[in-house]
Structure formats: structure tokens, C-alpha cells
2 protein chains.
Amino acid sequence: MRQIIEERTGSHSRHPASSEPHIAHMRFTAHATVLHEGDPARRIMEVVEGAVMLTKLLPDGRRQVVELLGPGDVFGLAACDVYACSAETLTAAIITTHERGALDRDPTLAARLLRRFEAQLCAMHSHALVLGRMSALERVAFFLLRLTPESVVGSTLHLSMTRQEIADFLGLTLETVSRAFSELKRRGLVALLRADEVKIHDHGSMRRLAGAA
Amino acid sequence: MRQIIEERTGSHSRHPASSEPHIAHMRFTAHATVLHEGDPARRIMEVVEGAVMLTKLLPDGRRQVVELLGPGDVFGLAACDVYACSAETLTAAIITTHERGALDRDPTLAARLLRRFEAQLCAMHSHALVLGRMSALERVAFFLLRLTPESVVGSTLHLSMTRQEIADFLGLTLETVSRAFSELKRRGLVALLRADEVKIHDHGSMRRLAGAA
DNA sequence: CGTGATATTGACAAGTCTCAACCTGTGTGG
DNA sequence: CCACACAGGTTGAGACTTGTCAATATCACG
């Protein structure tokens with residue numbers, strides 16, 4: 001893809017001394033673990049293709065999906081020297097990685113990641129609003145709209161997440177998510193073709209539910 | 001309004017190469033609004049001194065404090081071309097601003113902001129875990145530990161937020177926050193000297209409650 | 001046609017919110 | 001210097017949303 005090409009050309013001979021290529025592409029199947037919360041944070045990663053979710057765990061096993069990532073999004077971050085989140089693929093995915101040192105050496109890379117971080121930080125701000133202040137029904141409506149590209153209006157939306165994963169993303173239980181889906185269906189806002197295929201019928205009402213943000 | 005008392009430009013010119021002063025320092029009193037969600041996003045801002053909170057609103061008035069910022073933290077971000085959050089000072093504060101264009105021109109600045117964004121993104125990940133998966137008591141414990149610098153062990157912690165602001169940060173109501181404070185006091189984990197002065201007695205139990213993150 | 005994983009639905013419990021009353025401390029004016 | 005007023009905080013009772021546990025349904029696959 002375009003990004004792969006840019007990466008390769010952008011990275012050549014920045015540091016000829018280092019024999020190790022600081023860019024590597026990796027291909028993952030769906031439901032693969034890319035990295036573990038708590039492991040030493042060596043590299044910064046970027047989704048090239050596919051979908052990835054970042055999760056955090058509490059000692060007692062409660063889980064939160066903190067971010068959903070698509071092409072261009074960055075992960076593998078660390079507040080100290082270990083990864084702050086685990087990362088799992090939701091679909092088959094291609095991921096590229098950068099040495100942490102490359103951020104200082106390569107201003108082009110830094111500029112691109114900076115823009116990306118800004119977008120992701122804004123997404124997290126929205127997510128905080130969802131988690132802190134929205135009802136179950138509103139959360140699910142928000143989730144469905146978030147997955148719907150602007151362009152797609154009539155077509156059907158494929159969820160590559162189980163109810164449990166959606167629940168962990170929205171701070172709910174899988175039962176509550178299921179009930180919310182049923183309620184949206186009952187109200188005629190969506191149609192459930194299959195458990196993982198949704199068609200949004202009333203975009204306006206969905207927007208209103210989701211806070212029109 | 002009482003916000004802008006004084007504005008200086010480029011006082012410490014650390015980048016002599018650039019003749020244009022793209023840095024401005026501003027001094028704010030406590031409880032001043034620095035910027036409004038939805039306004040055109042012209043500049044990126046950085047906290048130099050003091051504390052700032054970022055908030056988002058739903059159409060019906062529900063509010064979420066999405067981030068608490070201290071010295072070094074960055075705000076004024078936008079997913080499209082308008083600010084994603086409002087920003088208010090919690091204490092008197094000094095804030096510096098950068099033109100958005102400066103990010104591309106000044107690699108040193110970009111590198112610094114990049115590191116900061118990473119830290120803030122990690123903080124948001126933790127916050128998502130708090131909002132999505134923790135009980136009221138756990139949230140308040142987490143909040144108090146988050147405000148406690150590692151160094152400070154015995155001294156008393158000053159909250160520069162009302163119960164309502166804390167509640168909006170933690171996704172609770174002010175009553176629930178108040179009850180959580182009382183419960184922590186009852187259990188002997190903290191002492192409330194005044195409504196806005198807390199002393200943490202049992203750091204270990206607090207850590208356990210907060211998920212030892 | 002079973003079998004296992006995932007999803008839905010129901011009944012009940014628990015945690016948090018809502019509404020209301022009351023308390024505390026700070027500052028002001030008589 | 002005291003009394004009062006006001007903003008913020010605490011506490012209580014009951015309602016409501018969501019969580020928990022359990023039974024049943026649906027779908028993909030061998």
C-alpha cells in the first residue's frame with residue numbers, strides 16, 4: 001500500500017551505521033496478540049491494514065478495551081518503559097514497527113505520528129465522554145456510528161467484535177450490550193441481519209442518541 | 001472576564017534561528033476559560049505552570065472532564081478544524097501557545113510534543129479503564145493517588161477541584177463522590193482535614209483499591 | 001444432526017443516581 | 001464582634017439503570 005512504499009523510501013540510509021532495518025512489516029491473522037501490557041516497550045507500531053484493539057486489565061481480570069485502531073493508527077506506547085496496553089488484532093492485519101529512536105532521527109516520521117497522536121487523543125476524549133456520561137443505549141448507538149464511514153449510508157455494517165469485546169469497549173456487560181441492540185431494533189433504528197451484521201435505518205435518531213458529537 | 005492579565009511574546013528565545021515569535025505566554029487566574037469546545041482551532045497550547053482541565057459537553061448539558069493537565073501537558077487539539085474540548089484553569093496558570101504550522105517547521109518542538117502526547121495518551125488509556133470498569137470507591141482512590149506525587153508521602157494533598165468537578169472527571173455524581181470520600185475516611189484510608197485537603201493514611205490499601213496501576 | 005461457541009432473554013440483586021434535607025465554613029454587613 | 005447569607009459539602013430514602021446468574025436460542029462446523 002501507499003504507506004508501505006513511503007515507509008521504505010523514507011527510511012533508507014538515515015543511519016547507515018545500523019545494520020538492522022528499523023522498519024519491519026508483520027502480517028497477523030485475526031485474533032492474534034501483537035503485544036502484551038507490561039512487556040518492555042521496544043518499538044512503536046502502526047496499523048497498515050486491518051483492525052486492532054488495545055486492552056488493559058485490572059488485577060482481578062476486569063478488562064477494558066481502551067482503543068479501536070484502523071489503518072494509520074499508532075500503538076505500542078508506554079508511560080514508563082513497558083507497554084501500557086495489550087494489542088490484539090480483530091481482523092487479519094498488517095503492522096509496521098519503528099524503533100523508538102527513529103522518532104528523534106526522522107522528522108518526517110515524527111510529524112506524521114504527531115498528527116496521528118492528535119487524532120487518537122481526540123478520539124480518546126470522545127470515548128471518555130461516552131464512558132463517563134452516556135447510557136447503555138447511547139453508548140451502543142455511538143459505537144455503531146463510529147464504525148460507520150461517512151460515505152456508507154445504505155449498506156450493511158460488519159462488526160468484527162463479539163458482544164463481550166463491544167461490552168469491554170463501552171464499559172458494559174455483554175448482556176447489556178445485547179439488550180441495547182435489541183432495543184435499537186425494537187425502535188426501528190437498526191436491523192440485525194446477523195449477530196455481527198447491522199444495518200442502520202434511522203441515521204438521524206442514531207445521531208441524536210449518540211449526542212450528535 | 002478576568003482571564004488575560006498579561007501577554008508576553010517570545011520571552012526566552014530558545015530558537016534564535018526563527019525570527020518570528022511563534023510563542024506567546026499567557027497568565028490566567030484560577031477558574032478562567034482558556035478556550036471553548038467548537039471554536040476554530042488556531043493554536044496548540046502547553047501548560048507551563050498551574051493546572052488545567054479539559055471538558056466536553058453533551059447537547060443536554062451532561063459534562064465530562066476528559067483530562068487533567070499539569071506543567072508540560074499539551075492541549076488545544078482538534079480532530080477537524082475546531083477545538084475538541086473546552087479548557088479551564090483550576091489554579092492560576094501560565095500557558096504558552098504555538099502556531100499549528102510551527103509543528104512542521106520546528107523538529108525540536110515536534111519531538112517534545114510527541115513525547116508529551118504519548119504520555120497523555122497513556123494517561124487517557126488508564127482513565128478509560130477507570131471510567132469503564134471501576135467502582136465509585138475505586139475511582140476516587142485512583143483519583144487521589146493520581147494527584148499524589150511519588151515523593152510526597154506524609155504531607156497533605158490539596159484538591160483544587162469541587163466535588164462536582166471531581167465527579168465530572170470520574171463519571172459520577174457529586175453525591176457519590178462525597179459518599180466515597182466519607183467511606184475512605186470511615187475505613188481509615190484517608191483523613192479529610194477540610195473538604196479540599198486530604199491526607200492519605202494507608203497508601204497500600206489505596207493502591208490496592210486503585211488497581212495498583 | 002449433534003456440538004460448542006456466541007447471543008438473547010428473564011428474574012432478581014446491587015450500585016449509583018435523584019431529590020431533598022441538613023450541615024459547615026467563609027465572608028459580609030450591621 | 002456577632003448574625004446572617006451563601007456556596008459548597010454531607011447524608012438519607014427511594015427510584016432506576018445496569019450487573020449477575022441462569023435458562024434458552026441461534027449459528028457455524030464437523
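In what follows, chains carry the letters A, B, and so on, assigned in the order in which the sequence lines appear, proteins first and then strands, with residues in each chain numbered from 1. Computed from a predicted model, the values in this text were never measured in an experiment.
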Rounded distance in Å - CG (B:Leu193) to P (C:dT24): 17 Å
Among A:Glu49, A:Met45, A:His25, side-chain contact (heavy atoms from CB on, under 4.5 Å) partner for A:Ile95: A:Met45
Residues in contact with DNA chain D, drawn from residues 173-181 of chain B - heavy-atom cutoff 4.0 Å: B:Leu174, B:Glu175, B:Ser178, B:Arg179
Contact summary for A:Leu174 and A:Ala167, nearest pair of heavy atoms: N-CB, 3.5 Å
Atom-pair distance (CG on B:Leu192; P on C:dG25), nearest Å: 12 Å
Length of the line joining B:Met134:CE and D:dG19:C1', which is rounded to integer Å: 18 Å
Cation-pi check, A:Arg163 onto A:Phe181 ring (under 6.0 Å, within 45° of axis): yes
Salt bridge (Lys or Arg N to Asp or Glu O under 4.0 Å) between B:Asp202 and B:Arg187, intermediate numbers included: CA-CA 10 Å; B:Asp202 187 342; B:Arg187 295 194 191 179; over 6 Å; no
Result of checking A:Thr97, A:Thr96, A:Leu35 against A:Arg43 for side-chain contact (heavy atoms from CB on, under 4.5 Å): A:Thr97
More than 12 heavy atoms from other groups under 6.0 Å of NE2 on B:His36: no
Residue whose closest nucleotide on DNA chain D lies nearer the 5' end, B:Met161 versus A:Gly171: B:Met161
A:Gln120 side chain to A:Val74 backbone, donor-acceptor under 3.5 Å: yes
Atom-to-atom span, CG of B:Asp196 to C1' of C:dG25 - whole angstrom: 11 Å
Under 4.0 angstrom between B:Arg163 side-chain N/O and D:dA7 OP1 or OP2: no
Interatomic distance, A:Leu172 CG vs C:dA7 C1' [rounded to whole Å]: 16 Å
Any B:Thr162 side-chain N or O less than 4.0 Å from OP1/OP2 of D:dA7: no
Interatomic distance where NE2 belongs to A:His31 and P belongs to C:dA5 [whole Å]: 14 Å
Between P of C:dT9 and CG of A:Leu184, the distance in whole Å: 13 Å
Nearest-Å distance for atom pair CD/C1', residues B:Glu138 and C:dG15: 12 Å
